[in-house]
2 protein chains.
Amino acid sequence: MTTTPDAAPDAEILRLDRQICFSLHAASRAFNGVYRAILKDLGLTYPQYLVMLVLWEHGDLSVKTIGARLRLDSGTLSPLLKRLEALGFVERRRSAEDERSVTVHPTAAGTALRERAALVPRRIAAATGLSLEEIGDLQERLSMLTAKLDGADLDLDPLGSCADPED
Amino acid sequence: MTTTPDAAPDAEILRLDRQICFSLHAASRAFNGVYRAILKDLGLTYPQYLVMLVLWEHGDLSVKTIGARLRLDSGTLSPLLKRLEALGFVERRRSAEDERSVTVHPTAAGTALRERAALVPRRIAAATGLSLEEIGDLQERLSMLTAKLDGADLDLDPLGSCADPED
DNA sequence: AGCTATTGAGTTGTGCACAATTTAATTGTG
DNA sequence: CACAATTAAATTGTGCACAACTCAATAGCT
């Protein structure tokens with residue numbers, strides 16, 4: 001009841017957007033919640049677990065490299081890594097060659113954690129009720145979507161050129 | 001190289017988990033980023049937009065009802081609604097019948113915002129490069145997944161019964 | 001009526017995300 | 001060599017998510 005002659009009415013489109021927004025938001029939080037519950041045993045949060053995963057996979061890494069892999073900036077990583085250090089799972093050391101860089105490496109406790117973490121994926125799979133294939137499929141879709149979103153030039157349409165095309 | 005004889009080795013499973021974790025996390029953040037950029041024009045954050053969407057759709061709602069619809073608790077909503085009120089988009093008023101309840105209703109400015117918000121979904125669709133159908137499909141998958149995750153009894157397996165089935 | 005239990009918002013504290021800024025180290029260039 | 005530009009972390013400030021708790025109002029029960 002706003003304008004819009006032939007196309008879907010605004011109210012309809014906004015309703016759809018609400019569904020999409022909400023689904024994404026809710027799914028993200030639901031996953032976070034499941035990981036939180038499962039990771040509580042390990043004493044890790046979800047982002048901390050992500051950091052440990054890349055460290056287990058690649059060994060010592062600089063803050064910059066971790067950030068590049070997880071697409072997290074220092075504003076997020078610096079305090080997170082301090083907490084991981086306080087928990088005794090990693091150590092941070094200024095690099096000798098380049099004093100700007102900080103190298104993060106897992107401690108013995110951090111490495112030991114990997115054994116227990118091996119159980120996490122199975123529990124996640126059980127919680128989702130999805131097969132590994134289905135999970136892989138979802139993951140692929142999400143990756144493609146993320147790539148598009150990250151690459152999207154939002155300046156295409158600064159709310160002006162696209163403004164009221166039907167008005 | 002940890003244990004695991006016939007099944008996928010732990011390292012492999014953890015690598016897969018890293019991919020899934022990361023994809024979800026990254027997708028969620030990428031979407032958030034796109035919405036953030038688009039909503040900046042309206043002066044809203046992504047969760048604030050979600051709240052306005054349900055208010056536009058249903059009119060005045062109690063904090064409790066908004067929370068039920070968006071699955072957000074008062075710890076998140078109370079400060080968020082205060083900010084929306086400070087922005088002049090909603091008003092909060094203690095209900096007369098039940099003094100515990102607070103009713104939130106859009107102001108004139110909040111209602112006016114709806115017109116401008118009508119452009120948001122199209123811009124999102126453009127950024128994703130997906131058709132409305134594809135978006136709908138993704139949304140449906142995510143909703144089902146969320147339902148499963150929210151309903152999942154994580155106590156099934158408190159990291160003990162499932163522990164080292166192959167060890 | 002009187003008392004307990006429950007309910008709806010709000011508050012507090014922790015952690016993450018992100019923008020913007022700061023600091024120190026390094027690189028590049030004249 | 002000196003100086004400007006760049007780079008890597010860290011810091012600051014805002015907002016969201018969630019757990020745990022408080023507080024006042026209501027509902028339910030005897």
Side-chain angles (χ1 to χ4, degrees), chain A residues 21-22 24-37 39-40 43-51 61-68 70-87 90 92-104 146 150, chain B residues 21-22 24-37 39-40 43-51 61-87 90 92-104 146 149-150:
Chain A
C21 273
F22 172 72
L24 282 163
H25 205 63
S28 163
R29 283 161 44 220
F31 250 104
N32 212 309
V34 170
Y35 270 103
R36 187 198 332 279
L39 291 172
K40 200 165 62 176
L44 294 177
T45 66
Y46 184 48
Q48 286 167 5
Y49 175 62
L50 274 170
V51 168
L61 293 174
S62 68
V63 173
K64 175 188 168 61
T65 307
I66 296 173
L70 298 182
R71 225 128 299 181
L72 291 171
D73 68 7
S74 67
T76 300
L77 281 177
S78 287
L80 189 158
L81 291 170
K82 276 192 186 174
R83 279 173 222 121
L84 279 180
E85 188 170 42
L87 289 168
V90 306
R92 294 177 309 145
R93 206 181 294 147
R94 226 87 226 179
S95 161
E97 305 100 54
D98 188 339
E99 287 279 339
R100 291 171 303 182
S101 176
V102 168
T103 300
V104 182
T146 301
D150 281 343
Chain B
C21 272
F22 172 72
L24 281 162
H25 205 63
S28 162
R29 283 162 44 220
F31 250 105
N32 213 307
V34 170
Y35 270 103
R36 188 199 329 280
L39 291 172
K40 200 164 61 175
L44 295 176
T45 66
Y46 186 48
Q48 286 167 6
Y49 175 62
L50 274 170
V51 169
L61 293 174
S62 69
V63 173
K64 175 187 169 60
T65 308
I66 296 173
R69 289 195 181 277
L70 299 180
R71 228 128 295 183
L72 291 171
D73 68 5
S74 67
T76 300
L77 279 177
S78 287
L80 188 157
L81 291 169
K82 277 192 186 176
R83 280 173 221 121
L84 279 181
E85 188 169 43
L87 289 168
V90 305
R92 296 178 308 145
R93 205 181 294 148
R94 229 91 222 171
S95 161
E97 305 98 53
D98 188 339
E99 286 280 338
R100 289 172 303 183
S101 175
V102 167
T103 301
V104 182
T146 302
L149 292 176
D150 281 344

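Proteins get letters first, then strands, A, B, ... in listed order; numbering begins at 1 in each.
Partners of A:Asp73 according to the side chain to side chain contact (heavy atoms under 4.5 Å, CB included) rule, which considers only residues two or more places apart in sequence or in another chain, are A:Thr76. Every residue two or more places apart in sequence or in another chain that forms a side chain to side chain contact (heavy atoms under 4.5 Å, CB included) with A:Ser78 is listed here: A:Ser74.
Atom CZ of A:Arg94 and atom C1' of D:dT7 are 12 Å apart (whole Å). Across the protein-nucleic acid pair, B:Asp73 atom CG and C:dA9 atom P stand 12 Å apart, rounded to whole Å. Atom-to-atom, NZ of A:Lys64 to C1' of C:dT26 comes out at 13 Å; the value is rounded to the nearest Å. Spacing between atom CG of B:Asn32 and atom P of D:dA17 amounts to 9 Å, rounded to whole angstrom units. Rounding to whole angstrom units, CZ of residue A:Phe31 and C1' of D:dC18 are separated by 19 Å. We find that CG of A:Leu77 is positioned 12 Å from C1' of C:dC18, with the value rounded to whole Å. Atom NZ of A:Lys82 is separated from atom C1' of D:dA10 by 7 Å (rounded to the nearest Å). Atoms CZ (A:Arg93) and P (D:dA9) sit 15 Å apart, rounded to a whole Å.
Within the 4.5 Å cutoff, the side chain of A:Arg71 has heavy atoms near those of the A:Asp150 side chain.
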Please step through side chain to side chain contact (heavy atoms under 4.5 Å, CB included) for the pair A:Leu72 and B:Arg29, ending with a clear verdict.
-> CA-CA 10 Å; A:Leu72 291 171; B:Arg29 283 162 44 220; 3.5 Å; yes
Could you go through the side chain to side chain contact (heavy atoms under 4.5 Å, CB included) check for A:Leu77 and A:Val51 one step at a time?
-> CA-CA 9 Å; A:Leu77 281 177; A:Val51 168; 4.1 Å; yes
Would B:Leu44 and B:Leu84 count as a side chain to side chain contact (heavy atoms under 4.5 Å, CB included) if you check the C-alpha gap in whole Å, the side-chain angles of each, and the deciding distance to 0.1 Å?
-> CA-CA 8 Å; B:Leu44 295 176; B:Leu84 279 181; 3.7 Å; yes
Does the side chain to side chain contact (heavy atoms under 4.5 Å, CB included) test come out yes or no for B:Leu87 and B:Gln48, once each step is laid out?
-> CA-CA 11 Å; B:Leu87 289 168; B:Gln48 286 167 6; 4.1 Å; yes
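Of all nucleotides listed (C:dA17, C:dG15, C:dA9), C:dA9 comes nearest to the side chain of B:Val102.
Taking 3.5 Å as the limit, the base of C:dG10 and the side chain of B:Ser74 contain a donor-acceptor pair of atoms between them.
An OP1 or OP2 oxygen of C:dA25 is reached within less than 4.0 angstrom by no side-chain nitrogen or oxygen of A:Ser101. One finds no side-chain N or O of B:Arg71 lying less than 4.0 angstrom from the OP1 or OP2 phosphate oxygen of D:dC18.
Taking the nucleotide of DNA chain D with the nearest heavy atom to each of A:Arg29 and A:Thr65, the more 5' of the two is matched to A:Thr65. Between B:Ser62 and A:Pro79, the one whose closest nucleotide on DNA chain C sits nearer the 5' end is B:Ser62. Each of A:Gly75 and B:Leu81 has a nearest nucleotide on DNA chain C; the 5'-most of these lies closest to B:Leu81.
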Can you pull every protein N or O that's under 3.5 Å from an N or O on nucleotides 23-26 of chain D?
residue	atom	partner	partner atom	Å
D:dT26	OP1	B:Glu97	O	3.4
D:dT26	OP1	B:Glu99	N	3.1

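At the heavy-atom level, B:Ser78 lies under 4.0 Å from base atoms of the strands shown.
Nucleotide D:dT12 forms a pair with C:dA19, judged by Watson-Crick or G-U wobble geometry with both contacts under 3.5 Å.
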